[in-house]
**Q** 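Structure in structure tokens, see below.
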Amino acid sequence: MAGNQTSLNAARFDLPVNDVEQQATLEVETEEYDYSKRAQWLRAAVLGANDGLVSTASLMMGVGAVKQDIKVMILTGFAGLVAGACSMAIGEFVSVYSQLEIELAQRKREKERRNNGGKDEQEEGEKESLPNPSQAAAASALAFSFGALVPLLVASLIKEYKVRLGVVFAAVTLALMIFGWLGAALGKAPVVRSSLRVLVGGWLAMAITFGLTKLIGSSGL
């Protein structure tokens, strides 16, 4: 009798503990899965903003190597912003739409193999997880534009030529460090190494554009 009572008490104790452990495990897995999806999306946005920052700043620094007029620099940066945002949006839309078609074709083949003519909950969930080309295109264009606005806004506030170049360089440097840190934090990468890599890459892009444009401009071509 005492043995049976002990077994019942053990069963009453073990069952809730197992349920709590299973629930905690599911919650952790869900949180990690949601974080992973969110991190990938945010990291893509950070990379798009970094692309807009570097390409627009390089264009403006290149034009600034041969033209001191602030209007020319601003117009060049604005043209780079619009062209880059449109290019990013179109490229992302085409890429994601191709991915969507491939996934739809694959799921159609899997459905035919299952011979399942009806729509179940799993199928509805799979439709919700499909990539959205329009959303991806809009996000890429917005991210690129956000990064490109940094050198544009800074340059529009400074009329003195040499000061303007220096302030644009400093603002882009700070933004590159921030974007590098965000990309590393979201991608679980070493922060210092990733930030330096992004920073040096941006410096090289601006320096090469500035130097080559200066060389061509001074040669009289």
Side-chain angles (χ1 to χ4, degrees), residues 41-98 133-184 186-187 194-221:
W41 181 258
L42 290 176
R43 191 166 185 268
V46 170
L47 292 176
N50 184 76
D51 190 11
L53 172 70
V54 173
S55 60
T56 304
S58 298
L59 277 174
M60 295 174 65
M61 296 292 286
V63 171
V66 294
K67 295 288 184 179
Q68 298 186 10
D69 189 2
I70 185 174
K71 185 177 180 179
V72 174
M73 181 179 283
I74 296 299
L75 287 175
T76 301
F78 181 75
L81 185 155
V82 175
C86 291
S87 177
M88 289 283 290
I90 294 171
E92 193 71 13
F93 182 87
V94 172
S95 176
V96 176
Y97 201 90
S98 299
S134 300
Q135 188 180 37
S140 297
L142 287 175
F144 186 95
S145 301
F146 177 78
L149 281 175
V150 174
L152 267 175
L153 293 177
V154 172
S156 64
L157 300 175
I158 310 295
K159 292 185 178 182
E160 181 65 28
Y161 169 67
K162 291 183 178 180
V163 177
R164 184 169 68 249
L165 290 181
V167 172
V168 168
F169 179 81
V172 171
T173 297
L174 178 60
L176 284 171
M177 293 177 63
I178 294 174
F179 289 155
W181 175 81
L182 284 175
L186 295 172
S194 178
S195 299
L196 287 176
R197 185 166 53 245
V198 172
L199 182 61
V200 173
W203 281 350
L204 284 175
M206 289 187 291
I208 291 172
T209 307
F210 184 91
L212 290 179
T213 308
K214 188 76 172 179
L215 178 64
I216 295 175
S218 61
S219 65
L221 294 177

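Because the structure is predicted, anything quoted here is derived from the model rather than measured.
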**Q** Could you give the distance from CZ (Arg164) to CD (Gln68), rounded to the nearest 0.5 Å?
**A**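 Reported value, rounded in 0.5 Å steps: 8.0 Å.
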**Q** Sub-3.5 Å donor-acceptor pair from the side chain of Thr213 to the main-chain atoms of Phe210, do we have one?
**A**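 No: the side chain of Thr213 does not pair with the backbone of Phe210.
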**Q** Any heavy-atom pair between the side chains of Leu153 and Leu157 that's under 4.5 Å?
**A**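 Leu157 vs Leu153: side chains apart.
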**Q** Considering all heavy atoms of both residues, which atom of Pro133 and which atom of Tyr97 are nearest to each other, and what is their separation?
**A**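 Scanning both residues, the minimum pair turns out to be CG-CD1, 3.5 Å.
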**Q** Hey, are the side chains of Leu59 and Thr209 touching, using non-hydrogen atoms and a 4.5 Å cut-off?
**A**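 No, their side chains stay 4.5 Å or more apart.
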**Q** Quick one: pull up NZ in Lys71 and OG in Ser156 and give me the separation to the nearest 0.5 Å.
**A**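 Answer rounded to 0.5 Å: 14.5 Å.
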**Q** Taking distance alone, no hydrogens or angles, what donor-acceptor pairs closer than 3.5 Å link side-chain atoms of residues 73-95 to residues at least two apart or in another chain?
**A**
| residue | atom | partner | partner atom | Å |
| --- | --- | --- | --- | --- |
| Thr76 | OG1 | Val72 | O | 2.8 |

**Q** Starting at CZ of Phe144, measure out to CG of Leu149 and round the result to the nearest 0.5 Å.
**A**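 Here the interatomic distance stands at 10.5 Å.
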**Q** Output the distance between atom CG (Leu174) and atom CG (Leu199), rounded to the nearest 0.5 Å.
**A**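 Going from CG on Leu174 over to CG on Leu199, the span is 10.0 Å.
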**Q** Do you know which two heavy atoms are closest between Ala175 and Val150, and how far apart they sit?
**A**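 In terms of heavy atoms, the two residues are closest at CB-CG1, 4.3 Å.
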**Q** Going from OG1 on Thr56 to CG on Leu152, what distance comes out if it is rounded to the nearest 0.5 angstrom?
**A**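 Spacing of OG1 (Thr56) from CG (Leu152) equals 6.5 Å.
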**Q** If every non-hydrogen atom of Val168 is compared with every non-hydrogen atom of Met61, which pair is closest and at what distance?
**A**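 That would be CG1-SD, 4.2 Å.
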**Q** Sorted by first residue and then second, give each side chain to side chain donor-acceptor pair (under 3.5 Å) pair with at least one member in residues 194-206; sequence neighbours left out.
**A**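 As it turns out, the side chain to side chain donor-acceptor pair (under 3.5 Å) pairs with a partner in residues 194-206, which skip direct neighbours, are Thr173-Trp203.
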**Q** Return the minimal non-hydrogen interatomic distance between Ala205 and Val54, and the atom names on each side.
**A**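 Ala205 and Val54 have their closest heavy atoms at CB-CG1, 3.6 Å.
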**Q** Of all heavy-atom pairs between Asn50 and Phe179, which one has the smallest distance, and what is that distance?
**A**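 Smallest heavy-atom distance, with atoms named: CA-CD1, 3.9 Å.
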**Q** According to ring-ring contact (aromatic ring centres under 6.0 Å, His included), who are the partners of Phe146, at least two apart in sequence or on a separate chain?
**A**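 Scan of Phe146 (ring-ring contact (aromatic ring centres under 6.0 Å, His included), adjacent residues dropped) gives none.
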**Q** What heavy-atom pair brings Ala171 and Val154 nearest, and what distance separates the two atoms?
**A**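 What the structure gives for the nearest pair is CB-CG2, 3.7 Å.
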